[in-house]
Amino acid sequence: EERRNAAVVQALKHGHIESAQRLLEDMVRSGYAPSRFVTSQAMAFLGRLKKADEVEALFQLLLRQGCPIDTVIHNCVVAAYGEAGNFAAMEAAVERMRAMQCPPDVVTSNTLIRKYLLGGRVEQALGILRVMRRDGSAPNARSYNTVLGMLCEAGQLDAAHDLMQEMREEGCTPTNVSYNIIIKGYAKARQLEDMDKCFQGMVDAGFKPDNITFGQCMSAHRDACALEKVEEYFNLMAQHGCAPDAMTLSILASTYGKLARLDKQQELHDELDSRGYRYD
RNA sequence: CGUCCUGGUU
């Protein structure tokens, strides 16, 4: 049984989803109960490929064979239907959780918010958040972050700012990611002064900017051809104890490329090559 | 140890 679980994990690791799926099915049919961790991971992979029917088939197989089914597995089914844009089935999967004495949790709600937004069903997404806020089933930072992202994407930066304030008032502390989302919004709207202020606010509030924070700020300034600002952010990384990762370096490289500093760009490309990273 | 949020190229 251990070996079979390990084989599934290996298959997933190498991106061989179908063979992972076969291995799992064989395992269940021959009377073994695959680990919930492995099962949900496989379901999550299939879900991202929009293979909701396959996820459902796997779910039914577990059910028939009396394998244990937990909230995470249910959540994977919900996500798979949502990813495939099958909202009726997604909602039915949530109902099934209740019927099976496995109540939906905050991750379930966050999944619904996300999938509704991806499907352009903004009102339904906001409705989920509204219900969470009202009935005390505390939304967490990810619930808010998902909606913040949508507001920023739509250029509603003031609304995003207000929502971040509301989350604080409701006792839900914003995270690094909340700030990264707002920064991305200002970058997209080309409001670079506001973006810089948001970065400063993040630091002042005691949050630690990461490679995503710096990368977003740097690429925004690169697009504005502000090389000094890009370098300024890059140099700030050390002060914040943040070691640049390959993606951050490639943003810096593309900045030098854009401004025809080919010597500097080549230096970075060599560094990236030595890390086996693909740039372009 | 698994499911929900944010970055370069497209």
Side-chain angles (χ1 to χ4, degrees), chain A residues 5-6 8-9 12-13 20 34-48 55 59 68-83 90 93 97 102 104-118 125 128-129 132 139-153 160 164 167 172 174-188 195 198 202 207 209-223 230 233 242 244-258 268 272 277-280:
Chain A
N5 275 320
V8 179
V9 171
L12 286 174
K13 253 193 159 150
S35 119
R36 293 172 327 209
F37 305 112
V38 171
T39 309
S40 56
Q41 233 172 330
M43 288 175 129
F45 268 103
L46 288 166
R48 284 177 210 118
V55 174
F59 182 88
I69 294 176
D70 66 8
T71 310
V72 175
I73 288 176
H74 278 285
N75 283 342
C76 291
V77 179
V78 171
Y81 280 124
E83 189 64 34
M90 176 176 79
M97 294 178 77
C102 191
D105 63 4
V106 66
V107 174
T108 317
S109 300
N110 291 349
T111 301
L112 294 176
I113 292 172
R114 178 64 167 175
K115 302 309 177 189
Y116 280 136
L117 288 177
L118 287 175
I128 301 285
L129 182 63
M132 293 171 90
N140 63 18
R142 289 196 186 198
S143 322
Y144 285 99
N145 287 349
T146 303
V147 174
L148 285 176
M150 175 255 129
L151 292 172
C152 288
E153 183 65 30
M164 195 158 142
M167 73 189 272
C172 181
T175 63
N176 258 9
V177 174
S178 312
Y179 283 93
N180 287 348
I181 289 168
I182 304 281
I183 285 173
K184 179 187 177 187
Y186 283 129
K188 181 180 163 68
M195 184 188 75
C198 186
M202 176 181 187
F207 289 93
D210 60 12
N211 268 287
I212 296 185
T213 318
F214 286 108
Q216 289 181 149
C217 292
M218 287 165 60
S219 52
H221 282 297
R222 177 205 55 204
D223 292 345
V230 177
Y233 272 108
C242 180
D245 68 10
M247 197 181 295
T248 304
L249 292 175
S250 80
I251 293 168
L252 185 60
S254 65
T255 304
Y256 288 128
K258 181 167 183 174
L268 286 159
L272 288 166
Y277 187 77
R278 298 191 63 77
Y279 48 85
D280 260 338

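Both backbone and side-chain heavy atoms feed into the values below; hydrogens, waters and symmetry mates do not. Keep in mind that what you see is a predicted model, and the values were worked out from it rather than measured. Reminder, nothing fancy here: chain letters follow the sequence lines and each chain counts from 1.
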Determine the contact category for [X]: base if any of its heavy atoms lies under 4.0 Å from a base atom, sugar-phosphate if only primed atoms, P, OP1 or OP2 are that close, otherwise nothing.
| X | result |
| --- | --- |
| A:Tyr279 | base |
| A:Arg36 | base |
| A:Phe45 | nothing |
| A:Asn140 | nothing |
| A:Asn211 | base |

Test A:Tyr179 against every option in A:Phe207, A:Tyr186, A:Phe214 by the ring pair (Phe, Tyr, Trp, His ring centres under 6.0 Å) rule and name the one that passes.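 For A:Tyr179, the ring pair (Phe, Tyr, Trp, His ring centres under 6.0 Å) test succeeds with only one of A:Phe207, A:Tyr186, A:Phe214, which is A:Phe207.
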Rounding to an integer number of Å, can you tell me how far [X] [atom1] sits from [N] [atom2]?
| X | N | atom1 | atom2 | answer |
| --- | --- | --- | --- | --- |
| A:Met167 | B:U6 | CE | P | 14 Å |
| A:Lys188 | B:G8 | NZ | P | 11 Å |
| A:Phe214 | B:G8 | CZ | P | 17 Å |
| A:Glu153 | B:C5 | CD | P | 15 Å |
| A:Met247 | B:U10 | CE | P | 13 Å |
| A:Ile212 | B:G7 | CD1 | C1' | 5 Å |
| A:Tyr186 | B:U6 | OH | P | 19 Å |
| A:Leu148 | B:U6 | CG | C1' | 11 Å |

Can you tell me if A:Arg222 touches the phosphate of B:U9, counting only side-chain N or O atoms and a distance under 4.0 Å to OP1 or OP2? yes
Is the distance from OP1 or OP2 of B:C4 to the nearest side-chain N or O of A:Arg48 less than 4.0 Å? yes
Would you mind telling me which of [options] lies closest to the side-chain atoms of [X]?
| X | options | value |
| --- | --- | --- |
| A:Arg142 | B:C5, B:G2, B:G7 | B:C5 |
| A:Thr111 | B:C4, B:C5, B:G2 | B:C4 |
| A:Asp70 | B:U6, B:G2, B:C4 | B:G2 |
| A:Lys184 | B:U3, B:U6, B:C4 | B:U6 |
| A:Thr146 | B:G7, B:C5, B:G8 | B:C5 |

Kindly indicate whether the side chain of A:Val177, heavy atoms from C-beta on, has any atom under 4.5 Å from the side chain of A:Ile212.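 No, too far: nothing below the 4.5 Å cut-off.
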Does the salt bridge (Lys or Arg N to Asp or Glu O under 4.0 Å) test come out yes or no for A:Glu83 and A:Arg48, once each step is laid out? CA-CA 7 Å; A:Glu83 189 64 34; A:Arg48 284 177 210 118; over 6 Å; no
Distance criterion of 3.5 Å, no angle test: do you see the side chain of A:Ser35 paired donor-to-acceptor with the base of B:G2? no
Classify the side chain of A:Asp223 and the base of B:G8 as holding, or not holding, a donor-acceptor pair under 3.5 Å. no
